Amino acid sequence: MTATTAPDLAVDDVARLAAEAFTALSEAPSEVRAGALRAAAATLGDHADQLVAIAQEETGLAEARLRGELTRTRVQLRLFAHVVADGAYLDVRLDEADPDFVLGPRPDLRRSLWPVGPVLNFAASNFPFAFSVAGGDTAAALAAGCPVIVKAHPGHPRLSERVAELVAGALVEAGLPEGTLQLVTGQDAGVALLEHPAVRAAAFTGSQRVGQLLAARAAARPDPIPFFGELGSVNPVLVSAAALEERGGELLAGYVASVSGSAGQLCTKPGFLLVPEGTAYDDAVVAAASDVAEHRLLNPSIADGYERRVSEVLGVDGVRVVRPGGFRRDTDGQGWATPTFVSVPLDVLRTAGPALLDEVFGPFSVIVEYPRGTDLAVVVGELFPGNLTLTLHLGAGETGADLQVLVARLGEHAGRVLLGGWPTGVAVTPAMQHGGPWPATTTDGTSVGTAAIGRFLRGVTFQDAPQALLPPPLRDDNPWGVPRTVSPRGASAQW
């Protein structure tokens, strides 16, 4: 048996393998873990043509999009290999024993971050590579030293199985233990593992309804575990009158492209565009949308949800259709769509509540007309309290105390604040934050960028421990060569 789980393997056996792997994995030298992550990235590249072909068939996403996503997935793995090799993520802090410490004699204290244990990762449907079997959650957990059990998404089962087979094999061949990466299928298996005592944390990307149910299960355990859930976001974009006057055509074309990309099946799609009353936008939106080709939705379940939500929005009094989109089913039950854009006055949005404010997952967006002089900071706090992103487009030279306040308020309600640009581009970099206040995510954290590793680590301090009993990063000789912060004896005299 490889490190990939056989479909009929019992949940207890999966958990046992992960628990056994944890001891060896958490103690593996940093260069071994870093090398294994690079090996995983390499094997994905070696089999790119095969994997992209399977992904196209199962998801309906375009080849160019999938190749770009596979590249992103490989970059994530290599980026975390660099993080592991560098060692700064361990946040090692050494306090030398100090009998003259200002608060009384201080013992020798040595702290670092430790992996939490086996992690359960619920794969997403809309990113079959980057948020699936070998995606960012898996890469971050493996980098932290945690074995990963992936609950495959039913939208791309063959791709999940093949990626798991390739990556798990590469990890073991690179020196990591059997059970470092396993794959399970089915809702029952996922829930059973979420409640299994061997699992010490979980990650999820998906709908708010399912995410809330799973988060409640994780919290209701006899030993509650962290549950890092990304549950969706409407990502409002705010546009000033000056910005529209200067570059209205460019902005509206960019808006349509951002809504339409991958048939709007992105967690960072701008679900709302807020513009001043009296703005002329119909012609530009219709012209830009007319160039967007019909696109298949990910699976029949996504199509069902999209059709239902669009119908609900169109049934709200005061909604005006700017550009009607198309929707059809093929003989296999798959949904195909072209983008739809509607508009409403701000007062209608306030009155309609969830019927308009809830996410529409697909190529659909609402243009909201706000009265000139409206305090947009109040609007965001009232209607859009928690998002992955918030975007603000301003005119050249627009500054001032009121805008400083607005930008600060945006930071209270989103994990990423854009001053220009469009939120559907998420750079895989150390400074990226892909998470936000509830209901965008269940807890503070990011699932993109190197800070994502922190979700799967916990702090441990050793006091007055003999050198021979300390973990390598805490020993005086520092065999792993990790960066460390040292508080030497006598430092408190400067406080």
Side-chain angles (χ1 to χ4, degrees), residues 1-7 9 13-48 50-51 70-87 89 114-123 128-152 159-185 193 198-201 203 450 452-453 455-457 480:
M1 184 183 68
T2 69
T4 304
T5 301
L9 201 60
D13 292 332
V14 173
R16 175 183 53 79
L17 277 173
E20 291 173 353
F22 175 58
T23 300
L25 179 60
S26 62
E27 296 174 354
S30 55
E31 63 267 22
V32 173
R33 287 189 285 125
L37 290 171
R38 294 189 186 101
T43 196
L44 291 175
D46 292 342
H47 295 83
Q50 177 194 34
L51 296 175
L70 181 55
T71 297
R72 167 181 168 169
T73 304
R74 297 176 62 211
V75 167
Q76 286 177 154
L77 289 163
R78 293 198 298 266
L79 180 60
F80 277 110
H82 175 76
V83 169
V84 171
D86 174 73
Y89 78 95
W114 279 33
V116 298
V119 171
L120 176 63
N121 176 17
F122 290 86
F129 292 118
F131 279 87
S132 190
V133 175
D137 290 329
T138 294
L142 291 175
C146 301
V148 178
I149 304 166
V150 178
K151 189 273 179 186
L159 179 67
S160 298
E161 183 176 352
R162 183 59 176 145
V163 170
E165 179 183 22
L166 290 169
V167 172
L171 296 175
V172 171
E173 187 174 347
L176 299 189
E178 293 278 352
T180 294
L181 178 66
Q182 300 180 80
L183 182 74
V184 298
T185 59
L193 283 164
V199 171
R200 305 313 307 160
T450 57
I453 196 173
R455 299 172 298 163
F456 308 116
L457 297 165
W480 289 4

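Just so it is clear, the values below take in all heavy atoms, side chains as well, and ignore hydrogens, waters and symmetry mates. The structure presented is a predicted model; accordingly, all values stated were derived computationally and were not measured.
- Rounding to the nearest 0.5 angstrom, the gap separating the OG atom in S160 from the CZ atom in F129 is 9.5 Å.
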Checking D137 against R455 for the side chain to side chain contact (heavy atoms under 4.5 Å, CB included) test, could you report, in this order, the C-alpha distance in whole Å, the side-chain angles of both residues, the deciding distance, and whether it holds?
CA-CA 9 Å; D137 290 329; R455 299 172 298 163; 2.8 Å; yes
Using the side chain to side chain contact (heavy atoms under 4.5 Å, CB included) rule, take L77 and L44 through it: C-alpha gap first, then chi angles, then the decisive distance, then the call.
CA-CA 10 Å; L77 289 163; L44 291 175; 3.8 Å; yes
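- Side-chain contact check for E161 versus T185: every heavy-atom pair is 4.5 Å or farther apart.
- The CH2 atom of W480 sits 13.5 Å away from the CG atom of D86 when rounded to the nearest 0.5 Å.
- The shortest side-chain heavy-atom distance between V75 and R72 does not fall under the 4.5 Å cut-off.
- Not counting sequence neighbours, the partners of R200 by the salt bridge (Lys or Arg N to Asp or Glu O under 4.0 Å) test are D223.
- E31 is linked by a salt bridge (Lys or Arg N to Asp or Glu O under 4.0 Å) to nothing, counting only residues two or more places apart in sequence or in another chain.
- A side-chain contact (heavy atoms from CB on, under 4.5 Å) with N121 is found for exactly one of V148, V133, L181, namely V148.
- The shortest non-hydrogen separation linking A170 to A39 is CB-O, 3.9 Å.
- Taking OG1 of T138 as the start and CD1 of I149 as the end, the distance is 11.0 Å to the nearest 0.5 Å.
- Minimum heavy-atom separation, S30 to V84: O-CG1, 3.4 Å.
- Proximity of a side-chain donor or acceptor of R38 to a complementary backbone N or O of R78 within less than 3.5 Å is not detected.
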Apply side chain to side chain contact (heavy atoms under 4.5 Å, CB included) to residues L171 and L142 and explain how you reach the verdict.
CA-CA 10 Å; L171 296 175; L142 291 175; 3.9 Å; yes
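- Of all the heavy atoms in V167 and A134, the pair that sits closest is CG2-CB, 4.0 Å.
- Separating the SG atom in C146 from the CG atom in L457 is a distance of 6.5 Å, to the nearest 0.5 Å.
- Each of L159, L70, L51 was compared with P128 under the side-chain contact (heavy atoms from CB on, under 4.5 Å) criterion, and only L159 meets it.
- The closest side-chain heavy-atom distance from I453 to F80 is below 4.5 Å.
- Residues L193 and K151 form no side-chain contact, since every pair of their non-hydrogen atoms from C-beta on lies 4.5 Å or further apart.
- Within the 3.5 Å criterion, the main-chain N or O of A40 finds no donor-acceptor partner in the side chain of T43.
- Side-chain contact between L25 and L176: present, with at least one pair of heavy atoms (C-beta onward) separated by less than 4.5 Å.
- A search for salt bridge (Lys or Arg N to Asp or Glu O under 4.0 Å) contacts involving R74 returns nothing, not counting sequence neighbours.
- When all heavy atoms are compared, the tightest approach of A152 to L183 is CB-CD1, 3.7 Å.
- In this structure, F22 and P115 have side chains that are in contact, with non-hydrogen atoms separated by less than 4.5 Å.
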